[in-house]
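Here is the structure we will look at.
Residue numbers run from 1 in the order of the sequence given.
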Amino acid sequence: MASAGTYDEYSDERIPFGYLITFRSYGTWLHGVGGSVDRFHNIYGTPKLPADEKRKQYNQRLLKQPPVKLSAAQCAAILAAITETCEIRKWNCGLQYSIQPRSFGHSANCKPRRILSALKANATRKMREAGCWNSERSPWVFRGSKRYLWTERTWTMP
């Protein structure tokens with residue numbers, strides 16, 4: 001524990017209980033769909049953006065590949081990859097699984113960006129090994145959400 005007036009990066013107060021990691025498959029959530037958030041409207045507690053058909057159509061035209069709607073085989077490969085990744089890296093993984101989006105609670109000894117990157121890479125690898133992803137492009141959106149969970153209560157997902 002740090003003494004008064006000093007900074008201790010590894011004190012209990014600075015280490016999150018875990019992370020909420022979410023990522024979506026490519027093209028399945030575009031700005032213009034009601035409820036989205038963009039970099040200009042990303043302030044905690046403020047309303048999400050309303051539906052905007054012109055913005056949605058604009059973003060659809062920007063897509064470099066069709067939206068990736070995951071099949072049952074792809075979902076099974078993703079789940080296997082996430083489970084395997086967490087076991088190998090000894091990450092405590094509480095999984096809330098749904099087709100869209102992917103949400104994972106993780107407790108790990110590394111930054112959430114590394115967790116997100118490992119999960120997406122290994123999910124893609126498993127899908128390729130299973131023969132259910134043949135594209136050279138990624139099936140995932142760029143980035144993803146990495147929320148810090150500071151208490152045990154925030155770790156428990158509904």
Side-chain angles (χ1 to χ4, degrees), residues 14-52 55-60 62-130 132-133 135-158:
R14 304 270 317 146
I15 299 172
F17 192 80
Y19 309 104
L20 176 64
I21 307 290
T22 62
F23 57 98
R24 292 181 174 273
S25 58
Y26 183 82
T28 58
W29 186 258
L30 302 174
H31 291 299
V33 175
S36 68
V37 174
D38 65 14
R39 63 186 169 148
F40 304 110
H41 304 90
N42 191 14
I43 299 170
Y44 180 77
T46 60
K48 293 184 173 38
L49 295 171
D52 181 342
R55 188 172 189 194
K56 180 182 168 191
Q57 290 172 1
Y58 171 78
N59 284 308
Q60 285 173 327
L62 294 177
L63 292 175
K64 295 182 171 117
Q65 68 184 28
V68 176
K69 297 190 178 173
L70 300 170
S71 69
Q74 290 169 323
C75 290
I78 293 163
L79 182 58
I82 290 166
T83 303
E84 178 183 283
T85 302
C86 292
E87 286 173 4
I88 289 170
R89 295 180 185 230
K90 304 212 182 326
W91 292 342
N92 179 14
C93 175
L95 180 61
Q96 183 180 12
Y97 184 80
S98 64
I99 299 295
Q100 307 291 344
R102 303 270 168 241
S103 299
F104 315 98
H106 289 275
S107 178
N109 58 353
C110 62
K111 296 285 185 188
R113 179 185 304 159
R114 184 170 166 205
I115 298 169
L116 176 63
S117 178
L119 293 175
K120 289 166 72 172
N122 288 323
T124 304
R125 177 186 53 80
K126 273 283 197 206
M127 286 195 300
R128 286 189 172 129
E129 287 173 359
C132 55
W133 185 255
S135 175
E136 290 297 314
R137 294 188 183 270
S138 173
W140 313 115
V141 296
F142 182 63
R143 295 194 181 128
S145 176
K146 304 164 291 287
R147 271 183 148 165
Y148 285 71
L149 305 174
W150 294 103
T151 66
E152 187 171 1
R153 194 185 84 197
T154 57
W155 171 264
T156 343
M157 292 186 258

Is there a side-chain contact between [X] and [Y] (heavy atoms, below 4.5 Å)?
{"X": "Tyr148", "Y": "Pro112", "answer": "yes"}
{"X": "Cys93", "Y": "Thr83", "answer": "no"}
{"X": "Leu116", "Y": "Arg113", "answer": "no"}
{"X": "Ile88", "Y": "Asn122", "answer": "no"}

| field | Donor-acceptor contact present, side-chain Ser25 to main-chain Val68, <3.5 Å | value |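 Answer holds: yes.
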| Taking the side chain from Lys120 and the backbone from Arg143, do they hold a donor-acceptor pair closer than 3.5 Å? |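 Yes, Lys120 side chain to Arg143 backbone: donor-acceptor pair under 3.5 Å.
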Residues in side-chain contact (heavy atoms from CB on, under 4.5 Å) with [X], at least two apart?
{"X": "Ser135", "value": "Gln65, Trp133, Arg137"}
{"X": "Ala73", "value": "Ser71, Cys132"}
{"X": "Lys56", "value": "Val33, Glu53, Gln60"}
{"X": "Leu62", "value": "Tyr58, Asn59"}

Can you tell me how far apart [atom1] ([X]) and [atom2] ([Y]) are? Round to the nearest 0.5 Å.
{"X": "Leu30", "Y": "Arg24", "atom1": "CG", "atom2": "CZ", "value": "10.0 Å"}
{"X": "Ile21", "Y": "Leu119", "atom1": "CD1", "atom2": "CG", "value": "7.0 Å"}
{"X": "Phe23", "Y": "Phe142", "atom1": "CZ", "atom2": "CZ", "value": "15.0 Å"}
{"X": "Arg114", "Y": "Trp91", "atom1": "CZ", "atom2": "CH2", "value": "6.0 Å"}
{"X": "Thr28", "Y": "Lys69", "atom1": "OG1", "atom2": "NZ", "value": "8.5 Å"}

| How far apart are the closest heavy atoms of Lys126 and Ala77, and which atoms are they? |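 The pair with the smallest heavy-atom distance is CB-O, 3.6 Å.
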| said: For the residue pair Thr124 / Trp140, report whether a side-chain donor-acceptor contact shorter than 3.5 Å exists. | reply: yes
| message | I'd like to know whether CZ of Arg128 has more than 12 heavy-atom contacts from other residues, nucleotides or ligands below 6.0 angstrom. | response |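 For Arg128, atom CZ is crowded (more than 12 foreign heavy atoms under 6.0 Å).
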| For Asp38, which residues count as a side chain to side chain donor-acceptor pair (under 3.5 Å) partner, sequence neighbours excluded? | His41, Arg55
| Of all residues at least two apart in sequence or in a different chain, which pass the salt bridge (Lys or Arg N to Asp or Glu O under 4.0 Å) check with Lys146? | none
| request: Test Ser36 against Trp29 for side-chain contact (heavy atoms from CB on, under 4.5 Å), laying out the working first. | output: CA-CA 8 Å; Ser36 68; Trp29 186 258; 3.7 Å; yes
